[in-house]
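A short write-up of the structure that comes next.
Nothing fancy with the numbering, it's 1 onward along the sequence. Computed from a predicted model, the values in this text were never measured in an experiment. Only this structure's heavy atoms are used, side chains among them; waters, hydrogens and symmetry mates stay out.
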Amino acid sequence: MSNFIPYVAPQLSPEEMLDRASQFHDLMAQRRSLRMFSDRPVAKEVIEHIILTAGTAPSGAHKQPWTFCAVNSSDIKRQIREAAEKEEYENYHGRMSDRWLHDLEPFGTDHHKPFLETAPWLIAVFRRNYELLNGEKVNNYYVNESVGIATGFLLAAIHNAGLVALTHTPSPMNFLTQALGRPANEKPFLLVPVGHPADGATVPHLKRKSLAEIGVFV
Ligand code: IYR
């Protein structure tokens, strides 16, 4: 049974279209992953809009198989930092290959994750592998793809609001399920600290690939 409504298309002239496409690229080109956060607060309402934006992502059969758990509590942030640092210590002291450690050198990372307490908000993204309908497990579709796209929207919304974020993947991160009291059908996908950059924050000097390197026109 289908229920269709008209799609109202934005009407842009070719000039407006090029202008908008180019301006959006300029905006997104300024986005950087940050590890140095200020403890300056961010209003809950801003985080709500950011999460709503993430929720506009497409998903397999429109199942919207995601949960965004926003943490502002110092106690829970401390718990998350302690658990993440414990795992990361193991990663940096034996679990990651020499090649991996070498590849991470330009980023200056180690097992210390102070930003998990400094950032005013942590958004833990969960993937919902299945739903429980009348006690029955019903699988969602293309969960990884759907949640990956929604997280991309989340990061774009954070940047658009003038805030910064880090896509953090403490590994393994099952501890988030317990720390945040999430149900068994949700698995941690990514942990995203959100806030303002610290005064004098720096980022690695990176270059993005050119259009010729990432785009193929046939
Ligand atoms: N999860 C670790 C290691 C790490 C891995 C990659 I791939 C990065 O781009 C950055 C870090 C950490 O957060 O330190």
Side-chain angles (χ1 to χ4, degrees), residues 33-35 37 42 44 47-48 50-51 54-55 57 59-61 63-101 103-104 107-155 157-158 164-195:
S33 294
L34 258 89
R35 292 184 172 77
F37 282 81
V42 170
K44 184 178 178 201
I47 301 298
E48 288 172 349
I50 286 167
I51 291 174
S59 60
K63 295 294 182 182
Q64 307 171 80
W66 42 62
T67 300
F68 302 94
C69 186
V71 183
N72 185 224
S73 143
S74 307
D75 270 0
I76 303 179
K77 286 194 292 180
R78 186 177 347 100
Q79 269 184 51
I80 290 176
R81 175 186 179 177
E82 282 168 8
E85 287 187 335
K86 215 161 126 187
E87 293 298 349
E88 293 296 358
Y89 183 88
E90 297 303 327
N91 292 336
Y92 282 91
H93 296 86
R95 285 207 294 231
M96 291 193 290
S97 65
D98 287 345
R99 173 56 152 293
W100 195 347
L101 291 170
D103 279 342
L104 287 180
F107 304 94
T109 57
D110 61 22
H111 68 278
H112 295 105
K113 305 298 174 194
F115 51 77
L116 292 177
E117 277 193 88
T118 321
W121 291 95
L122 303 179
I123 302 181
V125 183
F126 289 84
R127 38 173 290 160
R128 301 171 68 98
N129 292 331
Y130 61 90
E131 305 297 334
L132 272 182
L133 299 179
N134 304 320
E136 193 196 343
K137 284 186 181 181
V138 181
N139 282 337
N140 286 323
Y141 310 98
Y142 297 99
V143 174
N144 231 25
E145 291 83 349
S146 304
V147 181
I149 295 166
T151 303
F153 281 29
L154 184 85
L155 296 171
I158 291 166
V164 295
L166 177 70
T167 44
H168 184 43
T169 52
S171 168
M173 53 180 161
N174 322 334
F175 65 85
L176 287 173
T177 300
Q178 238 197 333
L180 301 173
R182 300 312 307 161
N185 65 322
E186 295 185 5
K187 292 281 172 264
F189 183 76
L190 205 62
L191 183 58
V192 185
V194 183

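Here the side chain of Ser146 pairs a donor or acceptor atom with the backbone of Gly60 at under 3.5 angstrom.
No side-chain heavy atom of Met173 sits under 4.5 Å from any side-chain heavy atom of His168. Looking at Phe68 and Ile50, their side chains never come closer than 4.5 Å, going by heavy atoms from C-beta outward. Looking only at side-chain heavy atoms (C-beta outward), Ser33 and Phe107 stay at 4.5 Å or farther from each other. With contacts defined as side-chain heavy-atom distances shorter than 4.5 Å, the pair Val192/Ile158 qualifies. Met96 has its side chain within reach of Leu104: a pair of non-hydrogen atoms, C-beta onward, lies under 4.5 Å apart. Ile80 places a side-chain heavy atom less than 4.5 Å from the side chain of Leu180. Side-chain contact between Tyr130 and Val138 is absent, with no heavy-atom pair separated by less than 4.5 Å. Contact of the Asn140 side chain with the Glu131 side chain is registered, since non-hydrogen atoms from C-beta on lie closer than 4.5 Å.
Judged as a salt bridge (charged side-chain N to carboxylate O under 4.0 Å, His left out), the pairs with a partner in residues 179-192 (not counting sequence neighbours) are, in order, Arg128-Glu186, Arg182-Glu186. For residues 114-127, the set of pairs meeting the side chain to side chain donor-acceptor pair (under 3.5 Å) definition, not counting sequence neighbours, comprises Arg81-Glu117, Arg127-Asn129, Arg127-Asn144.
Once rounded to the nearest 0.5 Å, the distance linking CD of Gln79 with CG of Leu116 reads 12.5 Å. The CZ atom of Phe175 sits 6.5 Å away from the CG atom of Leu191 when rounded to the nearest 0.5 Å. The distance from atom CG of Leu132 to atom CG of Asn185, rounded to the nearest 0.5 Å, is 5.5 Å. Thr109 contributes atom OG1, which lies 2.5 Å from atom OH of Tyr92 (distance to the nearest 0.5 angstrom). We find the CG-CG distance between Asp98 and Asp103 to be 11.0 Å, quoted to the nearest 0.5 Å. Rounding to the nearest 0.5 angstrom, the gap separating the CG atom in Asp110 from the CG atom in Asn91 is 12.0 Å.
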Problem - Chi angles and distances behind the side chain to side chain contact (heavy atoms under 4.5 Å, CB included) call for Thr169, Ser171 - result: CA-CA 6 Å; Thr169 52; Ser171 168; 5.6 Å; no

Practice task
Check the pair Glu82, Arg78 against side chain to side chain contact (heavy atoms under 4.5 Å, CB included), reporting the backbone distance first and the verdict last.
Solution key: CA-CA 6 Å; Glu82 282 168 8; Arg78 186 177 347 100; 3.5 Å; yes

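Under the 30°/60° scheme for interplanar angles, the aromatic rings of Phe115 and Phe37 are found to be tilted.
The nearest pair of heavy atoms linking Leu154 to Ile51 is CD1-CA, 4.3 Å.
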